[in-house]
Number of protein chains: 2
Amino acid sequence: MVCRMHRTRVYAVLIDTPEAQAAEAASFWSAALGAAARVDKREPQFTVLPDALPGLVTVVQSVDDAPRFHIDIETDDVRAETARLLALGATEVSDWLECRTLRAPGGHLLCVVPVHSDPDYFAAHAHTWP
Amino acid sequence: MVCRMHRTRVYAVLIDTPEAQAAEAASFWSAALGAAARVDKREPQFTVLPDALPGLVTVVQSVDDAPRFHIDIETDDVRAETARLLALGATEVSDWLECRTLRAPGGHLLCVVPVHSDPDYFAAHAHTWP
């Protein structure tokens, strides 16, 4: 039996907004939370509000769906973390590039993604799972 | 003309969950995020996960509605902060005790509440609005 620990950390809170209202929502949340907004031209569906919440990346994402939020969990082992969350009762929704989207008991979405933070910051703030 | 500054801070992220699944959701999020869960017997609709997100109170709330999230903004002037957010494009949803519930452009909910944090912590981390 091979035992390998993996680590996780909540990386981002995403304010998923219907496309027609996404620009207005991004302006609102930027002003409401007092956080400058930044759009990456390569990924225009994301408006990042870097300083809106402490220690977390806050993003307004344009989606083809009803208004919702979701949380991104970054991890050094996407497969192991996905398996852990499925064992806790989550169900699989989709698998896009390296991101696994799950639905939690109760109906909320969460995504498991590779580590996006600076590796030292991740190591200092991550949970370790056996 | 009377000018009075007020201060705000994001206090809490609430994972609002349909009542029938709220207990299961609270167990899931507690285990998923590695945070102990605490229920206040006086307010059994709330399961608090104190250490789930840095600097924020995370709560699974049982609601009579579809799954959603909302954010609580704490402030030393609920009236002024509500007026500021309405001017930014939010709309009023309800007014319950000292909590004002608003809907942001894009459809998400947020609540304006009196200061819940320790006053020194609030002062150190709040935004000041003119």
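Letters A, B, ... mirror the listed sequences (proteins, then strands); counts begin at 1. Only heavy atoms go into these numbers, but all of them, side chains included; no hydrogens, no water, no symmetry mates.
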Return yes when atom [atom1] of [X] has more than 12 non-hydrogen atoms of other residues, nucleotides or ligands closer than 6.0 Å, and no otherwise.
X: B/Asp64; atom1: CG; answer: no
X: B/Asp118; atom1: CG; answer: yes
X: B/Gln45; atom1: CD; answer: yes

Tell me whether [X] shares a hydrophobic cluster with [Y], the cluster being built from Ile, Leu, Val, Met, Phe, Trp, Tyr side chains joined at under 4.5 Å.
X: A/Leu56; Y: B/Leu49; answer: yes
X: B/Ile73; Y: A/Phe28; answer: yes
X: A/Val48; Y: A/Val113; answer: no
X: A/Leu86; Y: A/Val78; answer: yes
X: B/Val10; Y: B/Leu102; answer: yes

Measure from the side-chain N and O atoms of [X] to the backbone N and O of [Y], and report whether any donor-acceptor pair falls under 3.5 Å.
X: B/His127; Y: A/Ala35; answer: no
X: B/His108; Y: A/Ile15; answer: no
X: A/Arg84; Y: B/Ala32; answer: yes

Counting only heavy atoms closer than 4.5 Å, note whether [X] contacts chain A via side chain, backbone, both or neither.
X: B/Leu53; result: side chain
X: B/Arg9; result: neither
X: B/Ala22; result: neither
X: B/Leu88; result: both

Original post:
In terms of heavy-atom proximity below 4.5 Å to chain B, should A/Ala20 be classed as side chain, backbone, both, or neither?
Top reply: neither
**OP:** With a 4.5 Å cut-off on heavy-atom pairs, point out which of B/Pro54, B/Ala66, B/Gly89, B/Gly55 contacts chain A the most.
**Re:** B/Pro54
Original post:
What residue, out of B/Ala52, B/Ala25, B/Ser27, has the most heavy-atom pairs lying under 4.5 Å from chain A?
Top reply: B/Ala25
**OP:** Could you walk me through whether A/Trp29 and B/Leu110 pass the side chain to side chain contact (heavy atoms under 4.5 Å, CB included) test, one step at a time?
**Re:** CA-CA 11 Å; A/Trp29 288 104; B/Leu110 65 164; 4.2 Å; yes
**OP:** Using the six-membered ring wherever Trp is involved, compare the ring planes of A/Phe69 and B/Phe69 and label them parallel, tilted or perpendicular (cut-offs 30° and 60°).
**Re:** parallel
Original post:
Got B/Val13 and A/Ile71 here, is their nearest side-chain heavy-atom distance under 4.5 Å?
Top reply: no
Original post:
Under a 4.5 Å heavy-atom cutoff, which of A/Gly107, A/Ala23, A/Ala90, A/Gly34 has the most pairs with chain B?
Top reply: A/Gly34
**OP:** Check the pair B/Thr8 / A/Leu33 against side chain to side chain contact (heavy atoms under 4.5 Å, CB included), numbers first and verdict last.
**Re:** CA-CA 9 Å; B/Thr8 68; A/Leu33 304 180; over 6 Å; no
